[in-house]
Amino acid sequence: METPVSAPRVKGNDYSLLTPAEIGSWTPRLSVSVVIPAYGGQDKLDLVLAALAVQTYPAELTEVVVVDNGTSPPLRLPELRPAGTRLIRCEAPGRADARNAGLAASGGDVVHWLDSDVVLERDAVEAQMRWHHLAPYLSVTGYLRFSEARPPRPAQIADAAELAPFFEPAEPHSWIVDLVGRTDGLRDARRAFSLHVGGSTSVSRRLIEMTGPMDTGLMLGQDTEMGYRLAQAGAVFVPEPRSRAYHLGPTMRMRDMDRVTRVSHAFIPDRVPQYRWLRSHPARQWLVPYVEVVVDGAGASYEDVRATVDTALAGTVPDVGVVVTGVPEPETRERRAPLTDPSLDLTLVHGIYAHEARVRFTPSAAPAPFRLRVPAGWALGEDTLATLVDLIEERGLGLVGLLLSEDGDGPGGGVTVARLERTAAFNRATFVQEPGAAGRAVGAGRSDGETEALDDAVAEMFGAVWIDGAPVGLLPADQAPVPAGRRSAYRARAEAQAEAAKLAKEVERLRGQVGKWRDEAAKWRKSTVELRREVSSLRKEVGTLRRKRGIKAIVRRVIYR
């Protein structure tokens with residue numbers, strides 16, 4: 001498998017810096033495995049293989065693995081097929097099992113998922129493979145159109161320059177078109193992994209090796225769940241309009257969307273924490289936590305470990321898991337004199353969390369989207385985790401570093417830091433380092449030099465900030481307030497609601513009083529207007545009287561002359 005010395009540093013999901021070669025004007029190097037799970041539908045499979053037989057991507061770099069998922073009578077390979085086509089059988093029912101069987105049997109640098117009812121245009125595979133030669137962490141999806149036209153013969157497919165005359169009119173995949181259109185071609189999408197659909201999508205094998213195969217525990221939604229894991233492994237998702245294909249008939253989701261959604265929404269929330277609207281319950285736990293808190297307990301006391309772990313579990317983000325590192329299980333325990341046992345603190349830490357499902361002592365395989373790394377002896381405020389996650393999400397950052405103490409101020413002395421890391425960002429960073437670094441899970445330990453190099457790559461691709469820990473509530477355990485607890489929080493909320501209701505009543509009373517005052521003011525304004533009219537009339541009368549009085553005085557003077 002080809003391993004490039006370095007890879008371009010794509011920022012977020014903005015693949016704009018990658019420019020694929022023109023179709024037909026470049027020299028491919030990478031091999032591709034087209035994996036086709038199939039159950040029944042021999043006539044459709046014949047058309048799919050006929051289209052693959054005439055692809056413009058080099059045949060010597062292409063293998064096709066058809067997985068018969070228990071069809072009776074068994075599927076067969078038609079004469080019109082790619083030279084490198086194999087048929088294997090998977091008796092375990094289910095699309096995910098069949099895909100995993102095909103994945104295990106394949107060996108290409110890139111895995112191209114293809115449904116057994118999707119007929120590709122001649123250059124569809126090449127259009128996607130151009131991208132994979134530019135970066136080793138891409139997932140590329142083609143564009144499907146859904147046709148209910150009467151299908152042609154396989155030979156007609158192989159002879160045709162294009163497929164539109166056979167399958168149009170057809171409907172586009174409106175959901176994909178809408179998603180791509182409103183996110184600038186997926187460049188500014190926060191959940192770009194939703195594009196990972198199995199109809200016609202290719203993925204770097206190195207990404208799949210980091211994520212593992214498809215989840216066979218799901219009834220539906222396997223593509224989305226795997227897309228989420230690919231995203232956490234550092235994938236960039238690219239829609240490729242030049243990779244065109246026709247889906248023979250509507251999908252199951254198109255035929256019965258409400259029922260499909262009902263089933264998938266029962267399983268997906270456990271595994272995809274970034275679908276926050278599906279995790280609306282205020283307290284329950286999930287298979288994959290939204291945030292994983294990694295507590296460095298090496299050499300720390302039982303009290304320091306407990307202070308950090310307990311506050312991490314008591315915050316306003318209940319969707320959290322904790323991994324305590326550096327605290328191995330004691331090999332032996334002193335049973336006659338336990339208080340003098342040199343491993344006593346290790347025993348106590350393991351004992352207090354032995355039955356807490358959210359706490360582990362070994363690296364977690366769950367691909368949480370965020371990891372907070374914090375040393376033991378530091379307590380998280382009730383809203384610390386939520387505040388940090390809001391910051392990293394609102395700004396799309398890859399790292400939020402927190403300075404906790406300097407010059408021996410805090411537990412353990414020296415400079416002490418905590419870090420909130422975006423899992424996808426740090427896994428992406430492993431791809432742009434030296435080849436030996438790529439593929440190592442972010443949860444694994446890292447040397448100072450590796451951490452610094454990864455930090456630089458993350459800062460360039462996603463952005464990074466460093467802030468003071470105290471303002472967001474990360475304090476030494478002996479200075480931190482005791483968590484209020486749910487009962488106290490409930491009582492405080494109830495009191496606040498009662499006070500709010502009381503104030504609302506007072507506001508209504510005052511509004512009523514203001515209404516009365518307004519009515520009174522209106523009456524006074526009316527009285528004032530009437531009074532002004534009366535004054536005006538009196539002034540007129542006074543003026544008239546004055547004029548009359550003046551005339552009489554003039555008459556008298558004239559008479560007495």
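Scope of the values below: all heavy atoms of this structure, side chains included, with no hydrogens, waters or symmetry mates. Quantities reported herein were computed from a predicted structural model and do not represent experimental measurements.
Ser31 and Asp109 form a side-chain donor-acceptor contact under 3.5 Å, judged by distance and modelled atom types alone.
At distances below 3.5 Å, not a single donor-acceptor pair connects side-chain atoms of Asn13 with backbone N or O atoms of Ala189. No side-chain donor-acceptor contact under 3.5 Å links Glu460 to the backbone of Asp456.
For CZ of Arg89, the number of neighbouring non-hydrogen atoms (other residues, nucleotides, ligands) closer than 6.0 Å is greater than 12.
At least one cation-pi condition fails for Arg279 and Trp277: the charged atom is not both under 6.0 angstrom from the six-membered ring centre and inside a 45 degree cone around its axis. Cation-pi check for Arg99 over Trp113 is met; the charged atom lies under 6.0 angstrom from the ring centroid and within 45 degrees of its normal.
Looking only at side-chain heavy atoms (C-beta outward), Arg395 and Leu391 come within less than 4.5 Å of each other. With a 4.5 Å cut-off on side-chain heavy atoms, Leu385 and Thr316 do not count as touching. In this structure, Ser194 and Tyr275 have side chains that are in contact, with non-hydrogen atoms separated by less than 4.5 Å. No side-chain heavy atom of Val288 sits under 4.5 Å from any side-chain heavy atom of Val272. Contact annotation: the side chain of Asp68 never approaches that of Ile88 to less than 4.5 Å [non-hydrogen atoms, C-beta and beyond]. Residues Ile176 and Val197 meet the side-chain proximity criterion, which asks for heavy atoms closer than 4.5 Å.
Phe237 and Tyr137 have their aromatic ring centers separated by at least 6.0 angstrom.
Residue pairs satisfying the side chain to side chain donor-acceptor pair (under 3.5 Å) criterion with at least one member in residues 159-180, sequence neighbours excluded, are listed as follows: Arg145-Glu168, Glu168-Tyr246, Asp178-Arg182.
Looking at Leu77, Val34, Val32 one by one, the single match for side chain to side chain contact (heavy atoms under 4.5 Å, CB included) with Val64 turns out to be Val34.
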